[in-house]
Structure formats: C-alpha cells, structure tokens
Amino acid sequence: MKKNLFLLLLLLSVKLVRADEGMWLPYLLGPQTYADMVKKGLKLSKDQLYSINKSSIKDAIIIFGGGCTGEIVSNEGLIFTNHHCGYGAIASASSVEHNYLRDGFYARSKQEEIPAKGLSVQFLVRVEDVTAKVEEAIKGTTLADRNPKLQAAYGDIVKAATDGNGYEAKVVPMFKGNQYLLFVYERYTDVRLVGTPPENVGKFGGDTDNWEWPRHTGDFSVFRVYGNASGKPAEYAANNVPLKPKHFLPVSIKGVKENDYAMIFGYPGGTNRYETSLGVKLKTDVENPSIVGLRDIRLKYMFEEMKKDPAVKLQLASSYAGIANYWKFFDGETAQLLKYHVYEEKLKNEASFQQWAKGKSEFEPVFTQYEDIYKKWSPYAKVRLYLMEGILGSPLAAYASSLAQLENTILKNGDIKAAANAADQARTNFLKDENKPSDQKILAAMAMRYYQDIPKDQHPIGFYEGLKSFGDLSDEKTYRTWAANVFNNTIIFNDAKWKTFISQPDAVTLQEDPAYAYASAFVKNYATKYAPIYAQFTAQNNELGRLYLKGEAQRTPNANRYPDANFTMRLSYGQVKPYSPRDAVAYDYVTTIDGVMEKYKPGDYEFDLHQNFIDLVKKKDFGQYIDAKRKTLVVGFITGNDITGGNSGSPVLNANGELIGLAFDGNYEALSHKIQFDKNYNRTINVDIRYVLWCIDKLGGAKNIINELKIVK
C-alpha cells in the first residue's frame with residue numbers, strides 16, 4: 001500500500017512546467033499544485049474545494065445526463081448547464097405547437113417545470129484509493145485472464161461500497177492501470193426543465209462558429225433536481241420536493257478582467273496525453289479522416305431535409321447536433337496534430353525512453369512490442385470505423401442490426417417473448433426519430449463508400465455480388481435503387497407485416513428481410529474476422545501503456561503528470577487570457593453583444609435572432625448585467641484552462657468559488673488537446689454568467705429564477 005501511495009504522490013505532487021495544463025483530482029491535490037493555484041489567485045482552502053465531512057464545492061458539481069457537467073446554483077436544487085447538454089430534453093419537451101427549442105421556455109413557477117424523462121444527475125459522494133485491493137486480486141495473472149480478474153475485483157469492491165445504501169459506484173483505472181480509484185455516486189432521476197433560451201441564442205453560430213473564437217453563443221439551459229420528502233432520490237412524483245443541496249454556487253456579476261484567476265470543476269470525458277507516436281499516426285492517417293468523411297455524408301443528407309420542414313428539424317435536431325460537434329473536432333484535431341508536429345515530438349520522447357530502458361527487462365521490449373501490435377491491427381482499422389460510422393451510421397441499419405439479439409434468442413430457443421417485446425419497443429422508439437428521406441440516402445451512400453474505400457478481401461462475402469442485380473457497382477444510381485428496395489420491402493416499416501412477425505418471430509423471416517440482411521452481413525463480417533484482432537490489440541495496447549507510463553514515472557520523476565481524463569471529477573485552473581493565433585491577428589479575451597449584432601443575418605439558419613432580442617439590444621436594456629468598463633453586455637470570455645468533452649456545462653469559478661461563467665467549447669487552434677495540450681494556444685470558451693442572467697431576466701422575463709440565486713455584486 002505504501003508503494004502505491006508513493007507512486008501516486010510522485011505522479012501528482014510535482015513541479016509544474018506548463019501554464020494552466022492539468023486535469024487534477026480535487027481530492028488528491030499535491031502541495032505544489034495547490035501552492036500554484038494560490039499563487040495564481042485562489043482564495044479557498046483545500047477543504048473548501050473537496051471534503052467528504054463538510055460542505056465543499058465538489059457537492060455542487062454534478063454529472064448531468066450521460067456525458068456533461070452541471071452545477072447547483074440555489075438552495076432549491078436549481079441546475080445550470082449548457083444548452084447543448086439539455087438539448088435532447090428540450091427537444092423532447094417540444095412540439096410543433098409548443099416549440100421550446102425554437103422559441104425558448106421559462107417556468108414562472110415550479111408547477112410549470114417540465115419533467116425531463118430519462119434524464120438523471122449524479123452527485124459524487126466520495127473517492128477511495130483501492131489500488132492495493134485490485135493489485136492483490138490480479139496478482140500473478142496472465143494478460144489473457146487479467147481482464148476477467150479485474151472485472152471480478154471491481155465487482156467485489158463496488159458491491160461492498162454500495163450494499164444497502166442506494167449508491168452507485170465504479171472503479172476507474174488511472175495512469176493506464178498503475179492506480180485504481182473507487183468513485184461513489186448518488187443518482188437522482190426526477191429532473192425537470194426550468195428554462196432555455198431560444199435555439200438562436202443557445203446555438204447561435206451553429207456549426208460555422210463551432211470550436212471557434214470569437215464566439216457569441218448563449219450556451220446554457222436551466223433544470224431542477226427533485227427528491228422525496230427526506231431529500232433522497234425518488235422516481236418522478238408530483239409531491240416530490242426540490243433538493244436541498246449540501247452546497248450551491250454563489251453567482252458573481254462583477255465580471256472578468258485579464259489575468260483573473262479561473263477554476264473549472266467538472267467531468268472531462270477522455271484524453272490520451274500519453275499516446276504513442278504509433279497511435280498518433282494511425283489517428284491522423286486513418287481514423288480521423290475516415291470519421292470526418294463518413295459524418296460529412298450523414299450531415300449533408302440530414303441537413304437537406306431539416307431545411308425543408310420545421311418538424312423534421314425538431315425531429316433530427318439532437319442527433320444532428322451530436323454528429324456535427326465531433327465532425328469538426330476530428331477534422332481540427334488532425335490539422336493541429338500535423339501542424340504542431342506532435343508525431344515527431346512523440347518520437348523524440350520515445351527515443352529517450354528506449355535509451356533509458358536498455359538493460360531493464362521490464363521496459364526494454366515495450367516499443368518493439370508496440371510496433372508489432374500496430375503492424376497487425378492497422379490494416380483493419382478502417383473496416384472497424386466504416387462499420388461503426390458508415391454502415392451503422394444509417395439509423396435503419398443501426399436498428400436492424402440490434403435485431404441480432406432476437407435472432408440469437410430464436411435460434412437458441414431462449415425467452416423469445418421477452419426478446420420480441422424488447423425489439424418491438426425499440427422499433428417504436430426508432431420510428432419516432434426516423435426520417436426516411438435522409439436515411440435512405442445515407443444507406444445508399446454508405447454502402448457505396450464502403451465498396452470504394454475498403455479492400456475487397458475485407459468485404460462481407462457475397463453481399464456486393466448480390467447487389468450487382470441492381471446495376472453497376474461503380475454507379476451511384478445502383479445503390480440508390482437498392483436502398484429504395486430496402487426501404488420499400490423491409491418489415492420494419494410495414495406495420496401489418498411487423499405485427500405478424502413479432503407475434504410469432506421466426507429466424508427465416510428475419511434473415512430474409514433486406515434491412516436485416518444488409519446490417520447483419522457487415523456486423524457478422526466484422527465480428528467474426530476483425531473483432532478478435534481488435535480485442536487482442538486493445539488488451540496488448542493497454543498493457544504496454546501501463547508499462548510505458550510506469551517506466552516514464554521512473555525515468556522522469558519530476559515531470560508534470562496527472563491522470564488522463566476519464567469522466568471522473570477533475571479541476572483545472574488558469575487565468576483569463578487573450579491570445580494571438582497567427583501573424584497579425586490578436587483576439588481579445590471577451591466578446592460582447594455588439595458582436596452578436598454584427599453576425600446577425602435575418603432568416604439565416606445559424607445567425608438569425610428574434611425581434612424581441614434585437615429590440616432589447618437596441619434599447620441597451622442590460623440592467624445590472626452591463627459591464628462597467630465596456631459599457632455593454634459581455635457575452636463570452638476565454639481562459640487558459642485545460643478541459644475536454646464532458647466538461648460541457650462546467651462552472652467557471654473565480655478565486656472565491658463564485659460562478660462567473662459556463663464552459664462550453666475549446667478553440668480550433670488547439671484541437672490537438674486530447675493528445676497534447678498546447679500551452680500557447682489552448683483556450684476554453686465560456687459563456688459569461690451575466691449574459692446567461694440577462695437572457696433569463698430581460699429576454700425571458702423569468703425574474704423568479706434570478707430571485708432564487710445568491711448574486712454577488
């Protein structure tokens with residue numbers, strides 16, 4: 001145990017060498033890390049940041065939904081998060097008659113709040129180092145049986161932590177398996193929509209401005225968490241009461257100035273800062289270009305239909321936003337990895353490691369083995385992505401592929417009724433979101449792209465030979481004719497045929513269905529030929545990563561290290577900073593309402609505004625939210641904080657722990673941040689809390705929400 005604690009402290013408590021870099025575990029802040037935070041301006045103690053015995057900032061930070069961060073901002077469970085984090089719930093609450101996505105919505109009383117079905121939030125209860133328990137459980141295991149032993153150990157630890165208390169927990173490996181931490185959570189499932197700005201505020205700038213600065217997006221939404229009369233989690237009920245939190249964040253409207261301290265708490269989703277040069281090359285040469293190209297196709301056909309009909313736009317809005325967000329990210333990530341020669345930098349570091357590792361039996365073979373596993377997997381990397389992002393990028397194909405579970409149950413004579421009911425319910429959900437015109441084009445385009453881009457010996461046996469009956473395989477018309485045939489003849493869209501099938505499911509009917517035959521051909525092709533190779537690659541890559549990082553900790557004990565992001569609570573700290581992205585270009589650290597009006601384009605899909613917004617701005621009706629120095633309304637600001645996906649909705653706090661903004665994006669010039677943080681160009685883009693409050697108060701007229709906050713002037 002002492003050895004493990006020493007290693008963790010060695011990795012965490014080190015001298016800092018890069019400004020603002022680091023996603024730190026708040027319960028394990030090394031003394032030098034905390035000292036640097038104080039040096040930059042922090043006024044709070046460690047216990048005020050994280051404590052399990054008394055109220056602290058960590059108690060106000062929540063996992064919002066499945067992949068965002070939120071924060072509690074009142075003593076009645078009020079939540080602030082990003083608009084794009086609440087997007088799905090807002091879209092689900094909307095209809096053509098009550099289009100809250102388009103027009104905005106604010107509850108004037110708690111009775112008007114809208115239940116967000118399926119949405120939950122989680123509070124972190126505590127964190128515990130369980131490295132010794134895990135290592136004892138896997139002692140002496142081979143690589144082949146390591147993972148089953150790990151999962152068994154995780155299960156035992158989680159059971160002990162949650163038995164009888166209603167909590168949830170998970171064991172998370174840190175430093176690529178050199179450390180194991182237990183995170184215990186309490187989940188609340190009664191969450192209600194309280195407010196949202198119109199989409200042309202919450203998503204102002206759309207895909208054009210995504211990942212860009214200057215930014216003028218009011219990316220926020222408001223929810224509330226409820227519990228039972230005792231304050232414990234409970235399913236939705238009319239008599240549930242707003243949660244009384246252990247801690248909530250005061251809201252400062254003092255504004256920001258250059259070099260102000262800024263701290264961000266949240267749940268960054270994933271980084272791979274210790275990736276090898278081999279991984280970087282595979283990403284820039286194969287993975288990212290494949291994802292960008294395939295998502296481009298999906299977005300093109302979805303957008304064509306969304307422009308035609310407001311109902312279709314509402315139907316596809318959430319799916320489109322999710323696809324588009326990381327379409328641009330992967331494109332920018334490749335550009336920045338190449339621009340900043342990250343591959344070459346990795347090579348240099350690896351050469352130093354290999355020189356150090358000579359004669360050390362545990363570490364000397366690491367990179368020889370890395371090269372071997374990449375050589376074996378790389379020829380098949382594209383086929384995996386073309387299945388996940390291409391073939392299954394069609395919603396019809398994705399749903400059809402899920403019917404494999406029903407087929408397997410039929411063939412094994414299992415609980416067919418239960419499997420049929422599950423398939424039937426999934427079909428209902430699928431049809432609700434399905435847009436046939438766009439999906440049919442996606443289906444055709446993806447089948448053609450796979451044929452063109454994937455080596456013929458990796459194709460599903462017989463599929464494209466059968467497709468020749470529809471025409472020449474080099475002709476786009478062939479695939480469109482085939483796709484029309486699939487859509488016209490699948491039982492998935494035929495209520496009568498589906499009802500007959502689902503009442504007495506049989507494998508032959510399913511196997512002969514054109515949609516299922518298509519999806520299953522590609523899924524089975526991958527599952528039988530390439531999934532085992534990928535599983536072996538992943539296991540070996542993980543083990544080599546563990547050894548590599550263990551060796552690095554010994555080789556450079558004073559280097560700045562922190563665990564990769566993995567959707568566990570972290571804090572980052574930095575300062576409000578302008579930057580200059582290229583020659584003769586300098587960006588200020590704030591944007592204002594003037595920039596919103598400069599971008600305004602009447603009737604434009606991304607830059608339109610409602611008339612009441614324009615009227616308020618013309619009157620300069622900014623109230624208490626006006627910036628005293630600039631004499632206008634500040635919309636956004638940037639800081640040098642280190643964040644990534646999952647930090648969406650994270651609170652940006654000043655030196656006193658008061659809310660000054662919501663983090664919602666990074667900048668294009670530093671989109672290599674998942675692999676390598678750039679100390680010169682990395683910026684976090686935040687919506688200023690004063691703009692959030694102005695939108696709620698002046699634009700939305702929801703004074704009741706403002707009155708609920710603890711505002712610091």
Side-chain angles (χ1 to χ4, degrees), residues 294 297-298 301-302 304-305 312 315-316 319 386-411 416-451 459-471 473 475-527:
L294 295 169
I297 293 170
R298 294 159 69 188
Y301 292 126
M302 292 171 74
E304 283 180 359
E305 300 305 319
V312 174
Q315 179 191 37
L316 295 179
S319 177
Y386 270 60
L387 172 67
M388 304 302 296
E389 293 279 349
I391 302 302
L392 300 183
S394 157
L396 173 61
Y399 170 69
S401 72
S402 73
L403 296 175
Q405 185 174 355
L406 177 57
E407 181 190 21
N408 291 337
T409 304
I410 295 169
L411 295 175
I416 298 174
K417 184 177 180 181
N421 288 338
D424 191 42
Q425 182 58 52
R427 175 180 179 263
T428 299
N429 295 334
F430 159 70
L431 292 176
K432 181 180 66 174
D433 296 329
E434 170 68 348
N435 177 255
K436 288 184 181 179
S438 62
D439 194 6
Q440 186 171 314
K441 292 176 182 177
I442 291 169
L443 190 83
M446 293 306 186
M448 184 174 186
R449 181 61 71 91
Y450 192 105
Y451 177 77
H459 289 183
I461 295 173
F463 175 79
Y464 285 105
E465 287 76 4
L467 207 61
K468 288 179 181 178
S469 63
F470 292 93
L473 293 181
D475 188 348
E476 184 179 350
K477 183 180 177 182
T478 299
Y479 297 89
R480 294 211 169 190
T481 304
W482 162 78
N485 179 72
V486 172
F487 269 69
N488 290 333
N489 291 289
T490 178
I491 62 172
I492 293 171
F493 291 133
N494 188 311
D495 289 340
K497 289 183 178 179
W498 176 264
K499 186 176 180 180
T500 300
F501 165 72
I502 211 68
S503 64
Q504 289 186 314
D506 68 281
V508 173
T509 300
L510 191 55
Q511 291 163 358
E512 290 180 348
D513 183 83
Y516 182 71
Y518 167 63
S520 63
F522 286 85
V523 170
K524 289 175 182 176
N525 177 62
Y526 177 77

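Minimum heavy-atom separation, A397 to A519: O-CB, 3.5 Å. Across every non-hydrogen atom of P505 and I416, the tightest pair is CG-CG2, 3.9 Å. Pairing each heavy atom of A423 with each of L403, the nearest pair is CB-CD2, 3.7 Å. Among all heavy-atom pairs drawn from A515 and A400, the shortest one is O-CB, 3.7 Å. The heavy-atom pair separating I410 from A507 by the smallest distance is CG2-N, 3.9 Å. Between W498 and I491, the shortest heavy-atom distance links the atoms CB-O, 3.4 Å.
Taking the ring centroids of F470 and Y479, they lie at or beyond the 6.0 Å cut-off. Taking the six-membered ring for Trp and the full ring otherwise, F522 and Y450 have centroids separated by under 6.0 Å.
Using a 4.5 Å heavy-atom cutoff, the side chains of N435 and M302 are not in contact. By the 4.5 Å heavy-atom criterion applied to side chains, E305 and K441 are counted as neighbours. At a threshold of 4.5 Å between non-hydrogen side-chain atoms, the residues L316 and S438 count as touching. Inter-residue side-chain proximity for F501 and L510 is flagged as met; some heavy-atom pair is nearer than 4.5 Å.
Cation-pi contact between K436 and F493: present, with separation from the ring centre below 6.0 Å and deviation from the ring axis of at most 45°.
The CH2 atom of W482 sits 10.0 Å away from the CD atom of Q440 when rounded to the nearest 0.5 Å. Between the NZ atom of K499 and the CD atom of Q504 there is a distance of 13.0 Å, given to the nearest 0.5 Å. Distance OG1/T478 to NZ/K468: 11.5 Å, rounded to 0.5 Å. The CD atom of E389 sits 6.5 Å away from atom CG of L294, with the distance rounded to the nearest 0.5 Å. To the nearest 0.5 angstrom, T428 atom OG1 is 11.5 Å from D433 atom CG. Separating the CD atom in E407 from the CD atom in Q511 is a distance of 4.5 Å, to the nearest 0.5 Å.
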If you apply the rule side-chain contact (heavy atoms from CB on, under 4.5 Å), what do you find for N525 with H459, and how did you get there? CA-CA 7 Å; N525 177 62; H459 289 183; over 6 Å; no
With side-chain contact (heavy atoms from CB on, under 4.5 Å) as the criterion, how do L396 and I492 come out once you've worked through the C-alpha distance, each side chain's angles and the decisive distance to 0.1 Å? CA-CA 9 Å; L396 173 61; I492 293 171; 3.9 Å; yes
I'd like to know whether F487 forms a side-chain contact (heavy atoms from CB on, under 4.5 Å) with L443, so could you lay out the CA-CA distance, the side-chain angles of the two residues, the decisive distance to 0.1 Å, and finally the verdict. CA-CA 10 Å; F487 269 69; L443 190 83; 3.8 Å; yes
Working note: I502 + L406, criterion side-chain contact (heavy atoms from CB on, under 4.5 Å); need CA distance, chi angles, decisive distance, verdict. CA-CA 10 Å; I502 211 68; L406 177 57; 4.3 Å; yes
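In this structure, S520 contributes its side chain and Y516 its backbone to a donor-acceptor pair below 3.5 Å. Side-chain atoms of D439 never come within 3.5 Å of backbone atoms of S394 as a donor-acceptor pair (strictly under, hydrogens ignored). Side chain of D424 to main chain of A420: no donor-acceptor pair is present (N/O by atom type, distance under 3.5 Å, no hydrogens or angles). The closest donor-acceptor contact from the side chain of S401 to the backbone of A398 lies under 3.5 Å.
Checked by atom type, the side-chain pair Y399/E434 shows no donor-acceptor distance below 3.5 Å. Side chain to side chain, T509 and D506 meet the donor-acceptor criterion of an N or O pair below 3.5 Å. Residues N489 and N485 bring a donor and an acceptor atom of their side chains to less than 3.5 Å of each other.
A salt bridge links R427 to D495: one of the charged nitrogens lies within less than 4.0 Å of a carboxylate oxygen. Contact check on R298 versus E304 returns no salt bridge, with no Lys/Arg side-chain nitrogen under 4.0 Å from an Asp/Glu carboxylate oxygen.
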